[in-house]
Amino acid sequence: MKPAEMPVLESYKRTSIFTENSVPAGLLAEHSTKEGVWGLIHVTQGRLRYFITDPRREPEEYVLHPGTEPGVVEPTILHRVEPMGSVEFQVEFLRAPSDVGPVTSPRKSANS
């Protein structure tokens with residue numbers, strides 16, 4: 001999936017910048033986000049391999065770098081990452097907008 005194919009979402013959190021030496025072990029192993037939680041993997045330096053491993057999807061593999069679109073993490077879909085040498089990246093978390101605003105009725109005009 002490409003970022004342009006994602007539903008309308010709002011960003012609510014970003015991780016710190018990870019390197020090949022500081023990437024948490026949990027990101028290197030298969031893991032998923034919770035229901036309703038999307039992610040964008042932004043690579044700012046180097047290259048990062050992104051694997052989608054969920055049995056509900058065809059296996060996919062992407063090489064992310066500063067010139068590519070962010071890697072899209074779909075809710076509940078198993079995935080993992082693998083640094084390809086020196087790399088810097090962070091994950092942005094997104095969800096459906098929480099403030100859609102109240103539904104209002106149309107105002108009556110003075111002529112009605």
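Computation of the quantities below employed the complete heavy-atom set of this structure, encompassing side-chain atoms and omitting hydrogens, waters and symmetry-equivalent molecules.
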Hydrophobic cluster membership, with links at side-chain heavy-atom distances under 4.5 Å among I/L/V/M/F/W/Y: are [X] and [Y] in one?
X   : Y   : result
V72 : Y62 : no
V87 : L27 : yes
I41 : M1  : no
I77 : V73 : yes
L28 : Y50 : yes

Polar contact flag, side-chain donor to acceptor under 3.5 angstrom, E92-S11: yes
Do you know which two heavy atoms are closest between [X] and [Y], and how far apart they sit?
X   : Y   : answer
L9  : P97 : CA-CD, 4.3 Å
P83 : E20 : CB-CB, 3.9 Å
M6  : L94 : CE-CD1, 4.3 Å

So, do [X] and [Y] sit near enough that their side-chain heavy atoms are less than 4.5 Å apart?
X   : Y   : value
V63 : M84 : yes
V43 : P66 : yes
V91 : L40 : no

All pairs passing salt bridge (charged side-chain N to carboxylate O under 4.0 Å, His left out) where residues 36-50 contributes a residue, at least two apart: R49-E61, R49-E82
Sequence neighbours excluded - salt bridge (charged side-chain N to carboxylate O under 4.0 Å, His left out) pairs with any residue from residues 21-45: none
Sequence-distant partners of T19, side-chain hydrogen bond (donor to acceptor under 3.5 Å, both in side chains), two or more places apart: S22
side-chain hydrogen bond (donor to acceptor under 3.5 Å, both in side chains) against E74, all qualifying residues, sequence neighbours excluded: R57
Heavy-atom neighbours of E58 CD exceed 12 at 6.0 Å: no
Ring pair (Phe, Tyr, Trp, His ring centres under 6.0 Å) partners of residues 4-42, not counting sequence neighbours, each pair once: F18-F89, H31-H79
Distance (rounded to the nearest 0.5 Å) between H65 NE2 and T44 OG1: 13.0 Å
side-chain contact (heavy atoms from CB on, under 4.5 Å) partners of S32, counting only residues at least two apart: L78
